[in-house]
Amino acid sequence: MKLSRRGFLKLSAAAALSTAFGGIGFAMKPAAVDRIAMLKPDWSKQTTTACCYCAVGCGLIVNTALSGTKRAINVEGDPDHPINEGALCAKGASIYQLAEGTPGQPNPRLQKVMYRKPYGTKWEVKSWDWALDRIAKNIKRDRDATFATKNAKGQTVNRCDGLASVGSAAIDNEECWAYQAFLRSLGLVYIEHQARI
Amino acid sequence: MTNHWIDLKNSDCILIMGSNAAENHPISFKWVTKAQEKGATLIHVDPRFTRTSAKADIYAPLRSGSDIAFLGGLINYILSNDLIFKEYVANYTNASFIVGNDFEFKDGMFSGYDEATRKYDKSKWKFAMDDKGVPKRDNTLQDPRCVYQLMKKHYSRYSVKNAVDMTGTPEDKLLAVYKAYAATGKPDKAGTVMYAMGWTQHTVGVQNIRAMSIVQMLLGNMGVAGGGVNALRGESNVQGSTDQALLYHIIPGYMPTPSTAQPTLDDYKKLVTPVSNDPKSMNWKKNYGKYAVSLIKSFYKSAEPAVGYDWMPKLDAGQNASWLVLFDEMLKGKFKGFFAWGMNPACSGANSNKTREALTKLDWLVNVNIYDNETGSFWQGPGMNPKKVKTEVFMLPCAVSIEKEGSITNSGRWMQWRQQGPKPLGDSRPDGEIIYELAQKVRELYKKEGGVFPEPVLGLNWEDMGNGHEFDVHKTAKLINGYYLKDVEVKQPDGTMKVFKAGTQVASFPSLRDDGSTCSGNWIYCGSYVGSDPKDNRSTKRSKDQTPAQAAVGLFPNWAWAWPVNRRVIYNRASVDATGKPYAPQKPVLAWNGKGWDIDVVDGGGAPGSVHPFIMQQHGMAQLYGPGLNDGPFPEYYEPLDCPVSSHPYSKVLHNPTALKFAGEKAAVCDPRFPFVCTTYRVTEHWQTGLQTRYQPWLLEAEPQMFCEMSEELAALRGIKNGEKVWLENERGKLWAKAIVTKRFKPFVVQGNIVHEVGIPWHFGWRFPKDGGDAANLLSPSVGDPNTGIPETKAFMVNVRKA
Amino acid sequence: MHSDDQAFARLMETRMAEIRATDILPEELVTLVEQVLPVQMKARDEAKVKLPDEASCATAEAMFAGSPLIMREHFPHDVDQALGLFPVLLEILAGTGGAAAQAAQTLKKAIAAGELDPAEALRALPAGDDAIFAAWRQRLPESPRALNFLAASALWPGLNAAALALAPRVPENLPHERGHCPLCGSLPYITFLRQKEGLRFGVCSFCGHEHRIRRLCCPYCDEADTSKLKLFRVEEYPGVAVGVCETCSMYVKTLDYRELDKTMLPSLDDMATVALDVLAQGQGYKRPTLSAWGF
């Protein structure tokens with residue numbers, strides 16, 4: 001049964017014509033009006049997410065600033081989520097710190113593409129374009145070098161034995177699908193991840 | 001999970017074994033506690049007294065690796081005391097099936113074993129068929145060759161004394177568990193099991209779970225509210241990543257990876273579509289041909305299905321390309337390039353020294369992560385000389401969960417959509433964007449330069465995953481669901497014809513076709529994104545609308561979407577009798593209203609009694625006897641490959657004869673140098689190798705470093721005091737830890753001897769924090785289960801001494 | 001609200017001091033509420049309401065589908081008590097001063113002249129019959145909601161007593177998918193968060209029942225698409241967020257009592273945060289329900 005709300009909501013609409021606390025005949029103090037005009041609203045949005053740790057799938061609400069840093073202001077359990085009903089474990093309750101680090105300290109997350117050359121002793125900062133171009137060339141070079149259309153018995157295998165991958169249970173379904181499709185289109189069979197261990 | 005998290009509250013008896021749910025899946029306890037408040041019994045069986053044990057009504061200690069002795073004893077207890085749910089066992093399981101004459105079990109071995117290959121010939125284990133090609137049955141369960149009788153005979157060896165002797169569980173505790181759990185065999189009672197890696201990480205991992213599945217079938221606990229076999233999966237999307245087949249042995253939707261044994265698409269279809277001649281068996285896998293063709297079309301939209309199939313890589317028939325084999329091959333120099341995507345294998349894989357050494361044999365490594373980790377920085381790790389390591393390493397920063405949009409699938413198979421909060425920090429990017437852009441660059445190279453077998457690289461359907469430059473998560477989700485590639489005319493139930501236009505999303509997998517007119521990236525997700533509008537993405541649903549009957553069992557059909565077809569309790573058809581009447585009328589998951597089914601989405605469909613309930617099985621019955629596994633149709637007790645005993649009372653075969661092993665991997669069997677059993681686990685404040693949690697001061701403060709829990713008795717024996725530094729060592733490696741001397745571990749009495757066990761968490765690594773310790777897996781063996789290849793990281797032998 | 005007299009008196013005293021300290025609302029209004037609220041609280045404890053039998057209430061199935069337990073026009077209350085409270089409240093209003101006091105005098109005369117029947121106003125308000133109130137709003141442009149205030153405030157003790165008695169009839173697992181009150185179907189005038197999990201509740205503008213509301217929704221049009229909802233806070237009012245809805249252009253204040261760390265008194269906290277109403281209205285958003293006293 002679906003119920004129309006119009007029937008029992010008709011009175012409320014009439015009320016919308018006035019202002020709360022303003023309809024009885026006492027004007028607000030003029031100085032107060034000026035002070036209110038000085039207040040600065042900080043706008044933010046709220047989005048929902050599911051926890052990135054175990055597979056209980058607890059729901060969270062992320063509150064993100066719409067101006068200024070535009071970073072997360074708060075991350076908390078979603079009280080409407082039927083599984084966790086707002087509760088979180090210590091890890092889930094710390095997701096803010098996972099994303100934003102500790103206020104006042106440098107965020108330890110990786111924020112740049114890093115490169116270590118063969119026999120190198122240190123990391124170098126690189127651009128995405130540089131790194132992805134080079135990885136793509138490596139993939140092509142080694143796929144072409146190790147691709148087998150037939151195995152030793154002469155059976156068709158159409159696979160690339162020189163490349164392998166592990167990962168990831170930490171990425172989204174759509175990303176997993178795209179990733180496995182990519183790897184399989186290259187001919188990889190050594191495709192594994194967390195579920196195996 | 002066959003059931004889901006909230007459903008735990010419906011249980012009358014919850015067995016937690018191979019899991020420390022209170023600490024590692026803390027929110028699950030919201031529902032465990034609800035069940036207890038309503039009178040349910042909570043049982044915890046574990047080597048260590050944990051917070052889960054503290055909440056339990058019965059705690060039974062058990063030596064790591066002896067689970068089948070414990071569970072086989074439970075099966076024997078149920079059978080010998082005749083506590084089974086008879087109607088269920090006779091009608092819904094293969095208990096009545098007659099097994100062929102070639103099957104035999106003698107002294108720890110099943111028939112058909114080949115010493116040379118260390119494999120069984122499974123054709124010896126087949127059922128006897130009647131002249132119609134249906135398994136012969138004896139519904140009285142009296143035939144000596146029926147599954148029920150063979151099982152009874154097999155488990156008659158699993159006496160209480162033998163169980164106590166091998167597990168080290170005190171007899172009174174063992175019997176208390178058996179009694180409480182077997183009581184759920186009453187038709188209106190439900191028992192459930194919550195397990196995790198404590199069962200899977202063994203050379204008998206699959207059989208641990210099989211043994212419990214047998215218990216659940218005998219007691220009629222499958223398909224019911226508060227029942228099922230529930231794997232508590234440990235990563236937020238490990239269910240989804242498995243569904244999407246980031247594994248060597250399957251392609252999306254749990255279909256086997258093509259091998260040289262199926263050179264053509266027709267051969268492959270034959271492999272994946274079993275035949276049943278029993279008219280009441282739905283034998284759902286008969287549809288797999290449609291799913292396979294639709295999958296191939298999702299990969300290669302423009303190619304004929306047979307051509308697309310040809311483009312897919314093939315394993316050699318019987319080839320194992322699983323984790324341990326992969327790193328063994330890497331060590332031998334097989335791979336030039338390697339991706340570690342959102343993983344930290346240098347700490348997470350068994351035998352970390354071997355894994356780390358293997359990474360030095362690569363020409364290049366791509367490491368994608370949120371933080372610098374032991375894998376990306378392996379070349380500067382302990383014992384490494386960077387100047388001698390050739391591997392070129394790319395470390396790519398990716399976004400954290402709250403910065404991305406997309407779906408993940410929880411343990412209860414709920415596909416939940418995540419929205420983007422803040423944008424990715426710094427130069428970090430969502431994984432999907434990285435994958436997409438890298439793939440476009442590879443494709444450009446093949447377009448420009450040509451190359452070996454370029455067709456699949458050029459032909460992959462990237463246009464349905466993005467716009468040619470950028471990844472589009474909605475487009476990809478729609479592709480995974482699937483859509484019509486051509487106009488298709490379909491006859492409706494009322495006889496009229498309906499045309500589905502090319503480009504229309506497919507409503508559900510029964511509509512998928514094997515003529516190339518539909519595509520679907522994963523048939524089990526067909527039904528998740530059913531229209532062009534983002535509102536048609538059912539994983540975004542957040543309504544708690546439900547009927548009072550649904551509310552009574554905690555079923556939220558409008559919150560997210562569960563595969564398959566939004567069914568919340570799998571095998572729910574087994575919860576009702578042949579007339580559609582629920583066995584547990586006080587908590588039904590399914591009810592026949594005379595015209596249709598209420599509450600959950602029924603398994604199978606049709607009127608009550610019209611089909612066998614286990615529709616994914618060839619013969620429609622739950623498999624007490626499982627002739628498809630590599631190590632036998634009944635779970636049999638074997639010791640871990642590293643173990644503290646030289647013999648056991650069940651047979652002369654000490655170890656699983658088919659376990660996955662590698663040359664050079666040394667086992668410690670009753671080796672006086674390594675006298676103590678060691679197991680690994682997690683703590684609430686850290687996760688997996690600790691990479692995401694070690695960098696967070698809030699969490700690190702609570703658990704700052706590697707520790708080793710040990711009994712007071714062992715500490716006294718080795719002169720170790722609480723808080724002192726100790727060394728753990730074995731043939732594979734050496735590790736320091738802070739000693740936690742505790743009553744939580746107690747020595748076991750095994751075959752009359754004292755056996756000590758210690759436990760270590762696996763959250764630490766040398767990279768961060770300084771002085772936090774290193775990976776527990778430096779000590780774990782690279783041996784694995786013969787079915788899955790999962791390493792035996794839950795039971796191995798070590799020495800412990802004061803540092 | 002609090003029913004223990006002394007504790008309530010103390011609570012009200014501190015909250016009134018806070019409201020005065022913000023120095024936003026005129027003293028007459030603060031005094032008015034200060035006088036009215038204790039009268040209402042006492043009356044609620046004394047109210048006599050006859051609860052309908054279960055057969056004349058909505059079934060569990062209907063409630064799961066969104067129906068309130070009882071439509072507001074049939075919602076039980078204490079008419080006799082309300083009739084008795086009406087002149088008491090009128091006297092209080094008359095003692096305030098300014099336009100409100102003048103309006104009170106006009107109403108008094110109208111009652112004496114037989115032009116206004118308080119019983120009619122008390123019948124019309126629950127029935128959703130706005131004609132009589134509309135007429136008086138026109139006659140009293142300086143204090144348009146004087147009659148609404150009298151009727152709403154006189155009825156409230158009986159309505160709230162009924163709501164407290166009926167609350168146990170709400171099914172245990174009732175989904176809270178809709179913003180309206182599950183008892184009477186009216187909309188909340190404010191929402192608040194409580195318990196460490198941050199459960200959100202609305203306070204019904206009609207019967208005062210406190211009911212679960214989804215965290216991410218507009219309680220007025222039930223929009224739950226997060227791209228249509230945003231919120232603002234101001235530094236000077238910690239623990240208060242104003243949620244706005246782009247679909248219906250309404251706003252609602254949410255008091256986070258976890259952050260405020262004080263005893264809940266939503267009707268007065270609504271009053272204490274009136275600056276945020278002004279701010280929200282300045283941004284073009286409206287509030288479809290007025291204060292707990294009908295003005």
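The sequence lines fix the lettering, A, B, ..., with proteins before strands; numbering per chain opens at 1.
Within the structure, salt bridge (charged side-chain N to carboxylate O under 4.0 Å, His left out) contacts touching residues 178-192 of chain A (residues at least two apart or in different chains) are E192(A)-R196(A).
Contacts of Q201(B) with chain A are made by side-chain atoms alone, with heavy-atom separations under 4.5 Å and no backbone atom involved. Of the atoms belonging to M312(B), it is backbone heavy atoms, and not side-chain ones, that fall under 4.5 Å from chain A. For W559(B), the part lying under 4.5 angstrom from a heavy atom of chain A is the side chain only. Looking at L88(A), the atoms closer than 4.5 Å to chain B (heavy atoms on both sides) all sit in the backbone: N, CA, C or O. For a residue to count as touching a neighbouring chain, one of its non-hydrogen atoms must lie under 4.5 Å from one of that chain's; by this rule L460(B) touches chain A with the side chain only. Residue K112(A) touches chain B through both its backbone and its side chain, counting heavy-atom pairs closer than 4.5 Å. Contact of Q696(B) with chain A is made through backbone and side chain together, with heavy-atom distances under 4.5 Å. With a 4.5 angstrom heavy-atom cutoff, H474(B) does not touch chain A via any of its atoms. Looking at K475(B), there are no atoms closer than 4.5 Å to chain A (heavy atoms on both sides), in backbone or side chain. Heavy atoms of W414(B) lying under 4.5 Å from chain A belong exclusively to its side chain. Contacts of P697(B) with chain A are made by both backbone and side-chain atoms, with heavy-atom separations under 4.5 Å.
Note that SG of C52(A) and CZ of R418(B) are 7.0 Å apart. Values are rounded to the nearest 0.5 Å. Interatomic distance, SG of C58(A) versus NZ of K30(B), reported as 9.0 Å (0.5 Å rounding). To the nearest 0.5 Å, atoms CG (N237(B)) and CD (E174(A)) are separated by 8.5 Å. The distance from atom CH2 of W31(B) to atom CD of E85(A), rounded to the nearest 0.5 Å, is 4.0 Å.
A salt bridge links R109(A) with E403(B): the closest approach of a Lys/Arg side-chain nitrogen to an acidic carboxylate oxygen falls below 4.0 angstrom. Ion pairing between a basic and an acidic side chain is recognised when a charged N comes within 4.0 Å of a carboxylate O; K153(A) and D316(B) show no such pairing. Ion pairing between a basic and an acidic side chain is recognised when a charged N comes within 4.0 Å of a carboxylate O; E392(B) and R134(A) show such pairing.
Using modelled atom types, one finds no donor on one side chain facing an acceptor on the other under 3.5 Å when comparing S407(B) with D172(A).
Between chain A and the options T257(B), T260(B), N24(B), heavy-atom pairs under 4.5 Å are most frequent for T260(B).
The aromatic rings of F335(B) and Y190(A) sit perpendicular to each other, their planes meeting at more than 60°, with 30° as the lower class boundary. Taking the six-membered ring for Trp and thresholds of 30 and 60 degrees, F339(B) and Y179(A) have ring planes more than 60 degrees apart, a perpendicular arrangement.
Relative to the six-membered ring of Y446(B), K140(A) meets both conditions, a distance below 6.0 Å and an angle of at most 45° to the axis.
When Q416(B), R542(B), K544(B) are each tested for a side-chain hydrogen bond (donor to acceptor under 3.5 Å, both in side chains) with H81(A), only one passes: Q416(B).
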